[in-house]
Every structure is written in C-alpha cells, then in structure tokens.
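Provided herewith is a single structure, encoded as structure tokens, for subsequent inquiry.
When a residue number appears, it is its place in the shown sequence, counting from 1. Not measured: the values here are computed from a predicted model.
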Amino acid sequence: MVELDLQIPSAFDPFAEAKDSGAPGAKEYVHIRIQQRNGKKSLTTVQGLKKDYSYEKILKDLKKEFCCNGNVVQDKELGKVIQLQGDQRKNVSNFLVQAGLVKKEQIKIHGF
C-alpha cells in the first residue's frame, strides 16, 4: 500500500487577519445615540470609548465646547456612558475625531 503524506487543514478562519489588524470593522464601535425626553428635550449618549480614557476629562471638554450640561453614568451592561443635554450627535462625533480619540470609521450615529 502507498503511504501518502497529506496534511489535513484544521479549522480555517478567513477573518483571522482582520481581527488582528487595525481594520475599521475589527475594532469596537463608539455608539452615539439620542434619546427623547419630554416635549422637544433630548439627551445624547456616548458609549463604547476605551476604558483607559478619563471619562470625566472628556465630559468636561465636551461641556465646555458645546455649552451644555452632562454627566457620566455607570451602567451594568454598557460600562461608563457619557450623557449630554440636547442633540449633540454631530458635534460629539466631530470632537472625538478631531481630538484623536477614535477614527471616523469607528463611530456609529443612531437616532431619528
């Protein structure tokens, strides 16, 4: 009988390279949402920033830049979430990109 030297490939993951690289789809997203309160009052939430950032310093700069109030809320499932008064979705996304905290491809804007 002839003995063949074959190598049978194990489970091949075609997306293994993308997970290791810095591709936009490979990393976590920063979600910017709007929540309607009452009447025409609204609330903008930012979630998904890296844990090693100082949320309080980012909030302080956001409040000063956009002349609005806000706070940092600790959520069980989502971790720390930044809340700002008013519809600040575009402002926050531009601020985060200009400050170099996230790339434009990593931001997802939700609402309306």
Side-chain angles (χ1 to χ4, degrees):
M1 200 177 238
V2 179
E3 192 171 311
L4 297 176
D5 189 21
L6 295 176
Q7 295 202 2
I8 299 172
S10 59
F12 175 70
D13 187 10
F15 299 107
E17 289 180 7
K19 290 177 186 172
D20 296 336
S21 69
K27 295 190 178 175
E28 295 292 320
Y29 287 106
V30 174
H31 297 277
I32 302 174
R33 294 186 171 91
I34 188 166
Q35 296 176 349
Q36 196 68 33
R37 281 185 30 209
N38 50 356
K40 58 183 199 175
K41 306 283 184 186
S42 59
L43 186 70
T44 303
T45 60
V46 181
Q47 96 182 49
L49 290 173
K50 292 184 181 176
K51 306 233 184 301
D52 54 345
Y53 290 147
S54 172
Y55 282 67
E56 286 74 23
K57 288 185 180 180
I58 295 172
L59 176 66
K60 183 178 178 182
D61 291 340
L62 288 170
K63 286 166 55 172
K64 190 172 275 195
E65 180 79 21
F66 308 135
C67 300
C68 66
N69 200 6
N71 62 356
V72 177
V73 177
Q74 181 67 36
D75 189 46
K76 292 178 184 176
E77 297 174 4
L78 306 175
K80 288 187 176 181
V81 178
I82 296 177
Q83 293 182 340
L84 295 169
Q85 284 183 343
D87 185 4
Q88 308 290 345
R89 290 174 294 176
K90 290 182 182 177
N91 295 337
V92 170
S93 78
N94 291 335
F95 178 85
L96 293 175
V97 171
Q98 287 178 354
L101 298 175
V102 294
K103 296 177 183 169
K104 191 172 179 91
E105 298 86 27
Q106 293 175 313
I107 296 178
K108 292 221 176 203
I109 299 177
H110 303 277
F112 302 146

**Message:** Within the structure provided, determine whether His110 and Lys108 are in side-chain contact (heavy-atom separation under 4.5 Å).
**Reply:** yes
**Message:** Under the criterion side-chain contact (heavy atoms from CB on, under 4.5 Å), I'd like the reasoning laid out for Ile82 against Leu49: C-alpha separation, chi angles, the key distance, then a yes or no.
**Reply:** CA-CA 9 Å; Ile82 296 177; Leu49 290 173; 4.0 Å; yes
**Prompt:** Just wondering, do Asp61 and Lys64 contact through their side chains at under 4.5 Å, heavy atoms?
**Reply:** no
**Asked** Under 3.5 Å, is there a donor-acceptor pair between the side chain of Gln106 and the main chain of Lys103?
**Response**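 Yes: the side chain of Gln106 pairs with the backbone of Lys103.
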**Prompt:** Does any N or O in the side chain of Arg89 come within less than 3.5 Å of the main-chain N or O of Gly111, such that one atom is a donor and the other an acceptor?
**Reply:**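 At least one qualifying donor-acceptor pair exists.
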**Request:** Check each of Leu43, Leu59, Asn91 against Leu84 using the side chain to side chain contact (heavy atoms under 4.5 Å, CB included) test, and report the only one that passes.
**Result:** Leu59
**Prompt:** With distance as the sole test, does Gln36 use its side chain to make a donor-acceptor pair with the main-chain N or O of Gly39 at under 3.5 Å?
**Reply:** yes
**Request:** Examine distances only and state if a side-chain atom of Thr44 and a backbone atom of Ile34 form a donor-acceptor pair shorter than 3.5 Å.
**Result:**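 Not at all, since once roles are kept as given, no pair shorter than 3.5 Å links the two residues.
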**Message:** Using side-chain contact (heavy atoms from CB on, under 4.5 Å), reason through Lys60 and Glu65 one step at a time and then give a plain yes or no.
**Reply:** CA-CA 9 Å; Lys60 183 178 178 182; Glu65 180 79 21; over 6 Å; no
**Prompt:** Gln85 versus Lys63: any side-chain heavy-atom pair under 4.5 Å?
**Reply:** no
**Request:** Using modelled atom types only, decide if a donor and an acceptor are shared between the side chain of Gln35 and the backbone of Thr45 within a distance under 3.5 Å.
**Result:**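 Side chain of Gln35 to backbone of Thr45, a donor-acceptor pair under 3.5 Å: no, none is there.
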**Prompt:** When rounded to the nearest 0.5 angstrom, what distance separates CD in Gln83 from CZ in Arg33?
**Reply:** 12.5 Å
**Prompt:** Would you say Tyr55's side chain and Asn71's backbone share a donor-acceptor pair under 3.5 angstrom?
**Reply:**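 A pair under 3.5 Å: no.
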**Request:** List the steps, then state whether side-chain contact (heavy atoms from CB on, under 4.5 Å) holds for Val46 with Val81.
**Result:** CA-CA 6 Å; Val46 181; Val81 178; 6.0 Å; no
**Message:** What verdict does the side-chain contact (heavy atoms from CB on, under 4.5 Å) test give for Arg37 and Ser42, after you've listed the backbone C-alpha separation in whole Å, the side-chain angles of each residue and the deciding distance to 0.1 Å?
**Reply:** CA-CA 5 Å; Arg37 281 185 30 209; Ser42 59; 6.0 Å; no
**Message:** When you group the ILVMFWY residues by side-chain heavy-atom contacts below 4.5 Å and let the links chain together, are Val102 and Leu78 in the same group?
**Reply:** no
**Prompt:** When clusters are formed by joining ILVMFWY residues with side-chain heavy atoms under 4.5 Å apart, either directly or through shared neighbours, do Val73 and Ile58 land in the same one?
**Reply:** no
**Message:** Under a 3.5 Å distance rule, please check whether Tyr29 uses its side chain to pair with a backbone N or O of Glu105 as donor and acceptor.
**Reply:**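 No, Tyr29 side chain to Glu105 backbone: no donor-acceptor pair under 3.5 Å.
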